[in-house]
Number of protein chains: 2
Amino acid sequence: METSNLKKAGLKVTLPRMKILEILESSETRHLTAEAIYRELLDSGEEIGLATVYRVLTQFEAAGLVCRLHLEGNQAVFELERGGHHDHIVCNQCGRVEEFFDETIERRQREIAQHHGFAIKDHALVLYGDCNDSACPHRPA
Amino acid sequence: METSNLKKAGLKVTLPRMKILEILESSETRHLTAEAIYRELLDSGEEIGLATVYRVLTQFEAAGLVCRLHLEGNQAVFELERGGHHDHIVCNQCGRVEEFFDETIERRQREIAQHHGFAIKDHALVLYGDCNDSACPHRPA
DNA sequence: GATAGAAATGAGAATCTTGATCATCTGAGC
DNA sequence: GCTCAGATGATCAAGATTCTCATTTCTATC
Ligand SMILES: [Mn+2]
Ligand SMILES: [Mn+2]
Ligand SMILES: [Zn+2]
Ligand SMILES: [Zn+2]
């Protein structure tokens, strides 16, 4: 039951929180904007306000249930904190997002931060390029 | 003369563009928000609108004269395109920014993108942590 | 140097995303 | 079921950036 995640996080189990968590768990797309979640809620007949979606997502982030990413444009996307940390590649043409994890990069980041006297806490890494997906409007030949 | 940069970029040489370029070249801080540039313009007696600052910076970016970064918060910072590419470390406590370049990371990024079938065009990498500067409000012991 | 046309600017409105306010509602414990 | 702290929804507000459009400024030409 997903409610356990909420309880563990010290969050009261409410209908909006459950529904939002459900959407994050079941959506095809792993990276969702607040608006996209809001629309899915409306589509499924839930009358939940956009402000609540933003509020809940921010709480989920603080609780470590989701992470907030800035991949493109000016809209943040949220994704469920599943396995472990990873970074992202975004297609400039079609917006497709792929995930990767590279221990070499992670290690170098730690070393670099240390050299500069920083106690590293986090990082944001996004690669941008053109994908070769058949659905991509600008598929390199 | 800095006007040559503008001409090379195919931009008409105007007073606002020259002044903004001057500020980017002479400022102590290498990373400036549009607002910070706007304030410097006001301080030096120039009556240039904030909209113009944003417009010109966007044009400079398109021309490759500056690059736009999202380091923290929701305000972009701009920096003059000097030597070559580099990435950034930001202190979570005091906001200090340091720059670095690591060929290992750059190479891995290219390899990863290739593995995923992406023709990599760009990337954004920012490390976040606590710095050890004596002026930093939260200096780790 | 004056002139004309294209391009750039400035002021303010507009937009977009996100957070704040506050009256009302709901869930967890008793 | 009752209570009340906490959550929600509607709306408003804020911050960053862009847009609109009348006015001004470059640049090229004479
Ligand atoms: Mn992801
Ligand atoms: Mn820099
Ligand atoms: Zn694509
Ligand atoms: Zn610091």
Side-chain angles (χ1 to χ4, degrees), chain A residues 1-23 31-42 44-63 65-78 95, chain B residues 1-23 31-42 44-63 65-78 95:
Chain A
M1 210 135 289
E2 337 70 22
T3 68
S4 61
N5 301 31
L6 291 175
K7 283 195 180 131
K8 257 186 284 179
L11 294 169
K12 196 149 85 173
V13 178
T14 67
L15 191 137
R17 284 172 182 164
M18 283 193 295
K19 291 299 176 189
I20 291 171
L21 204 45
E22 267 178 45
I23 288 174
H31 309 94
L32 293 162
T33 64
E35 288 254 355
I37 293 170
Y38 177 60
R39 272 185 276 108
E40 284 207 37
L41 288 168
L42 293 187
S44 61
E46 300 296 337
E47 305 230 328
I48 293 174
L50 181 56
T52 300
V53 176
Y54 274 106
R55 230 176 350 216
V56 167
L57 286 171
T58 300
Q59 293 159 342
F60 282 5
E61 183 190 19
L65 291 177
V66 306
C67 57
R68 182 194 305 250
L69 306 170
H70 298 273
L71 296 182
E72 49 178 341
N74 29 13
Q75 224 167 339
V77 295
F78 299 84
Chain B
M1 209 136 292
E2 337 70 22
T3 69
S4 62
N5 301 30
L6 291 175
K7 283 197 180 128
K8 255 185 288 179
L11 295 169
K12 197 150 83 172
V13 178
T14 66
L15 190 138
R17 284 172 181 164
M18 282 193 295
K19 291 298 176 189
I20 291 171
L21 204 46
E22 268 179 42
I23 287 174
H31 310 94
L32 293 162
T33 65
E35 290 253 354
I37 293 170
Y38 176 59
R39 271 185 277 107
E40 284 207 39
L41 288 168
L42 293 187
S44 61
E46 300 296 336
E47 305 230 326
I48 294 174
L50 180 56
T52 299
V53 176
Y54 275 106
R55 232 174 350 216
V56 167
L57 286 171
T58 299
Q59 293 158 344
F60 282 6
E61 183 191 19
L65 291 176
V66 306
C67 56
R68 181 194 305 251
L69 306 170
H70 297 273
L71 297 182
E72 49 178 342
N74 29 13
Q75 223 168 165
V77 297
F78 299 83

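So you know, we letter chains A, B, ... as the sequences are listed, proteins then strands, and number each from 1. Note that this is a predicted model, so its numbers are computed, not measured. Note that these values count all heavy atoms, side chains included, but never hydrogens, waters or copies made by symmetry.
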K.L.:
Does A:Leu41 reach the side chain of A:Lys19, with side-chain heavy atoms less than 4.5 Å apart?
P.N.:
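Yes, their side chains come closer than 4.5 Å.
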
K.L.:
Decide whether B:Thr52 and B:Arg55 meet the rule of one side-chain donor and one side-chain acceptor closer than 3.5 Å.
P.N.:
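Yes, a side-chain donor-acceptor pair sits under 3.5 Å.
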
K.L.:
Rounding to an integer number of Å, can you tell me how far B:Ile37 CD1 sits from C:dT9 P?
P.N.:
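Atom CD1 in B:Ile37 sits about 14 Å away from atom P in C:dT9.
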
K.L.:
Specify the closest pair of heavy atoms between A:Tyr38 and A:Gly49, including all atoms of both residues, with the distance to one decimal.
P.N.:
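Where A:Tyr38 meets A:Gly49 most closely, the heavy atoms are CE1-C, 3.9 Å.
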
K.L.:
Going 5' to 3' through nucleotides 18-30 of chain C, assign each nucleotide B (protein heavy atom under 4.0 Å from a base atom), S (under 4.0 Å only from sugar-phosphate atoms) or - (no protein heavy atom that close).
P.N.:
BSBB-----SS--

K.L.:
Would you kindly give the CD1-to-P distance between A:Ile20 and D:dA7, to the nearest whole Å?
P.N.:
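After rounding, the gap between these two atoms is 13 Å.
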
K.L.:
Rounded to the nearest angstrom, tell me the gap between atom CZ in B:Phe60 and atom C1' in C:dA8.
P.N.:
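That distance rounds to 12 Å.
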
K.L.:
Is there side-chain contact between B:Gln59 and B:Arg17, with at least one heavy-atom pair below 4.5 Å?
P.N.:
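B:Gln59 vs B:Arg17: side chains touch.
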
K.L.:
Looking only at non-hydrogen atoms, find the nearest pair between A:Ala76 and A:Arg68 and report the distance.
P.N.:
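Heavy-atom minimum between the residues: CB-CG, 3.8 Å.
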
K.L.:
Look for any protein N or O under 3.5 Å of an N or O in nucleotides 28-30 of chain D and output each such pair with its distance, or none.
P.N.:
none

K.L.:
Is there a side-chain contact between A:Met18 and A:Leu6 in this structure, where contact means two heavy atoms from C-beta onward sitting under 4.5 Å apart?
P.N.:
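Yes, close enough: below the 4.5 Å cut-off.
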
K.L.:
Looking at every non-hydrogen atom in both residues, tell me the closest pair between A:Ile48 and A:Pro16 and how far apart they are.
P.N.:
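Nearest pair, atom of A:Ile48 first, then A:Pro16: CD1-CA, 3.5 Å.
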
K.L.:
Grab the two heavy atoms, one from A:Ala63 and one from A:Leu11, that are nearest each other, plus how far apart they are.
P.N.:
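Smallest interatomic distance, heavy atoms only, reads CB-CD1, 4.5 Å.
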
K.L.:
Rounded to whole angstrom units, what separation is found between the CG atom of A:Leu11 and the P atom of D:dA5?
P.N.:
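After rounding, the gap between these two atoms is 19 Å.
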
K.L.:
Let me know the distance between CG of A:Leu57 and C1' of C:dT17, rounded to the nearest Å.
P.N.:
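Result: 13 Å.
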
K.L.:
Rounded to whole angstrom units, what separation is found between the CD atom of A:Glu47 and the C1' atom of D:dT8?
P.N.:
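The distance from CD of A:Glu47 to C1' of D:dT8 comes to 13 Å, rounded to the nearest Å.
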
K.L.:
Could you tell me whether the side chain of B:Ile20 reaches within less than 4.5 Å of the side chain of B:Phe60, counting heavy atoms only?
P.N.:
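Yes; the side chains approach each other to less than 4.5 Å.
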
K.L.:
How many whole angstroms separate atom CD of B:Gln59 from atom C1' of C:dT9?
P.N.:
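Going from B:Gln59 (CD) to C:dT9 (C1'), I get 11 Å.
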
K.L.:
Rounding to a whole Å, what distance do you find between B:Glu72:CD and D:dG15:C1'?
P.N.:
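Taking CD of B:Glu72 and C1' of D:dG15, I get 15 Å after rounding.
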
